[in-house]
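Here is the structure we will look at.
Positions are given from 1, in the same order as the sequence printed here.
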Amino acid sequence: QSKTEPGTNSRQDSMAGKSAEKTQANGRMTQAERTALSDRRMFDAAISLINERGTQKTTLKDIGEIAGYSRGLANYRFGSKDGLMLELFARFDTRWKEHLGSYIKKQTGIKAVLAAADALRDFLKLESNYMRAMYILWYESLGHESEIRNRLADHHQVYRKDATQWIKEGIASGEIDPAIDAEQFAVQYCAFIFGVVYQWLVDAEAINLDSLFDDYERNITKLLSSKE
């Protein structure tokens, strides 16, 4: 959770909340808007620095300065570099879940699997810098016990659970071959997803995302479809 900027008193906060329309008319941002803007700039700076230097050489001081603020603002707002990284991870996860949900909606079975693949393909194109920064953060967290690593493990469980549910629903409806092991498919599906992202981030020019995903979707449809 981010904090409000130092030096803001409760009277200012109250006035901003009660006169939002007047504030808008005057062209001034409320305290909440200024905080959101500074957060966004610092997250953008963090993404840029992580992609350039990795997490170990990215400092709160540099993040604050590149974002255009004081050296101490990032430290004040997030408490520590780990705190900022956790918030960066949480925001990424929220953005991905919202994006994925807009593709899957209420679909199940094969349609849900294909929609999830389409969602990832488009997300990679839209959020490539953010995705690259997250992969760097995740891989650098694997060498030691950390909150990032623990949260990543939790997220992987959720991804596998979702894929398992899609397959089970497809089997129940008669769309998917009942011989398919839903749990094993979920592991394989996630391995494909994370493996593709990793390879693409390493060398984007070597992989044609559209051709790859089109081929995967054709193959996965054949594999899953009921043989009866």
Side-chain angles (χ1 to χ4, degrees), residues 1-20 23-24 28-101 123-124 126-162 190 194 197-198 201:
Q1 294 290 330
S2 59
K3 306 174 184 176
T4 55
E5 294 184 36
T8 301
N9 57 44
S10 59
R11 180 171 178 272
Q12 289 175 318
D13 290 338
S14 177
M15 290 175 63
K18 293 178 180 179
S19 59
T23 301
Q24 271 188 337
R28 299 173 182 173
M29 290 190 294
T30 64
Q31 177 62 36
E33 289 170 336
R34 289 196 297 273
T35 297
L37 175 61
S38 59
D39 277 358
R40 185 167 64 252
R41 286 178 174 173
M42 285 190 287
F43 288 131
D44 287 345
I47 289 169
S48 178
L49 286 170
I50 291 170
N51 283 330
E52 178 185 338
R53 308 174 181 177
T55 59
Q56 298 302 316
K57 294 182 179 180
T58 295
T59 67
L60 288 179
K61 169 180 170 293
D62 290 340
I63 289 171
E65 289 182 341
I66 289 176
Y69 300 101
S70 67
R71 297 181 179 185
L73 179 59
N75 185 68
Y76 174 85
R77 188 71 57 75
F78 302 102
S80 66
K81 187 168 78 172
D82 284 347
L84 185 146
M85 295 301 174
L86 286 168
E87 183 65 20
L88 192 65
F89 184 5
R91 289 185 177 223
F92 174 85
D93 185 59
T94 297
R95 192 174 298 183
W96 163 244
K97 286 179 178 177
E98 290 174 350
H99 179 84
L100 178 63
F123 195 75
L124 275 172
L126 291 169
E127 301 284 0
S128 58
N129 287 334
Y130 205 162
M131 181 74 83
R132 181 176 287 105
M134 287 297 94
Y135 264 65
I136 292 171
L137 175 62
W138 296 337
Y139 275 99
E140 290 186 355
S141 75
L142 298 181
H144 60 282
E145 186 70 21
S146 67
E147 184 62 24
I148 291 286
R149 180 177 175 178
N150 292 336
R151 289 197 186 183
L152 183 59
D154 291 340
H155 282 74
H156 279 203
Q157 288 183 356
V158 172
Y159 301 150
R160 291 193 295 268
K161 181 179 179 181
D162 286 345
C190 289
F194 288 108
V197 175
Y198 173 73
L201 292 176

Side chains of [X] and [Y], heavy atoms from C-beta outward: is any pair under 4.5 Å?
X      : Y      : result
Lys57  : Leu49  : no
Tyr135 : Met131 : yes
Leu137 : Met134 : yes

Would you confirm whether [X], through its side chain, and [Y], through its main-chain N or O, come within 3.5 Å as a donor-acceptor pair?
X      : Y      : answer
Ser141 : Trp138 : yes
Asn129 : Ile47  : no
His155 : Arg151 : yes

Between [X] and [Y], which heavy-atom pair has the shortest distance, and what is it?
X      : Y      : answer
Ala74  : Leu60  : CB-O, 3.7 Å
Arg77  : Met42  : NH1-CE, 3.7 Å
Leu84  : Ala46  : CD2-CB, 3.8 Å
Arg149 : Leu142 : NH1-O, 3.2 Å
Ala133 : Asn51  : N-OD1, 3.1 Å

Quiz item: Can a salt bridge be assigned to the pair Asp44 and Arg40 using a cut-off of 4.0 Å between side-chain N and carboxylate O?
Solution: no
Self-check item: Residue pairs, two or more places apart or on separate chains, that pass ring-ring contact (aromatic ring centres under 6.0 Å, His included) and touch residues 28-63
Solution: Phe43-Phe78
Self-check item: Non-neighbouring partners of Asp62 that pass salt bridge (charged side-chain N to carboxylate O under 4.0 Å, His left out), sequence neighbours left out
Solution: Arg53
Practice problem: Check each of Arg95, Lys97, Arg91 against Asp93 using the side chain to side chain donor-acceptor pair (under 3.5 Å) test, and report the only one that passes. | Solution: Lys97
Practice problem: Using distance alone, with no hydrogens and no angle criterion, decide if Arg34 and Gln31 have a side-chain donor and acceptor under 3.5 Å apart. | Solution: yes
At what distance, to the nearest 0.5 angstrom, does [atom1] of [X] lie from [atom2] of [Y]?
X      : Y      : atom1 : atom2 : value
Tyr69  : Leu37  : OH    : CG    : 4.0 Å
Ser146 : Glu140 : OG    : CD    : 11.0 Å
Thr55  : Lys81  : OG1   : NZ    : 5.5 Å
Asp162 : Gln157 : CG    : CD    : 12.0 Å
Thr58  : Gln56  : OG1   : CD    : 9.0 Å

Quiz item: Which of parallel (below 30°), tilted (30 to 60°) and perpendicular (above 60°) describes Phe92 and Tyr130?
Solution: perpendicular
Quiz item: Is the Tyr198 ring parallel, tilted or perpendicular to the Tyr139 ring (thresholds 30°, 60°)?
Solution: tilted
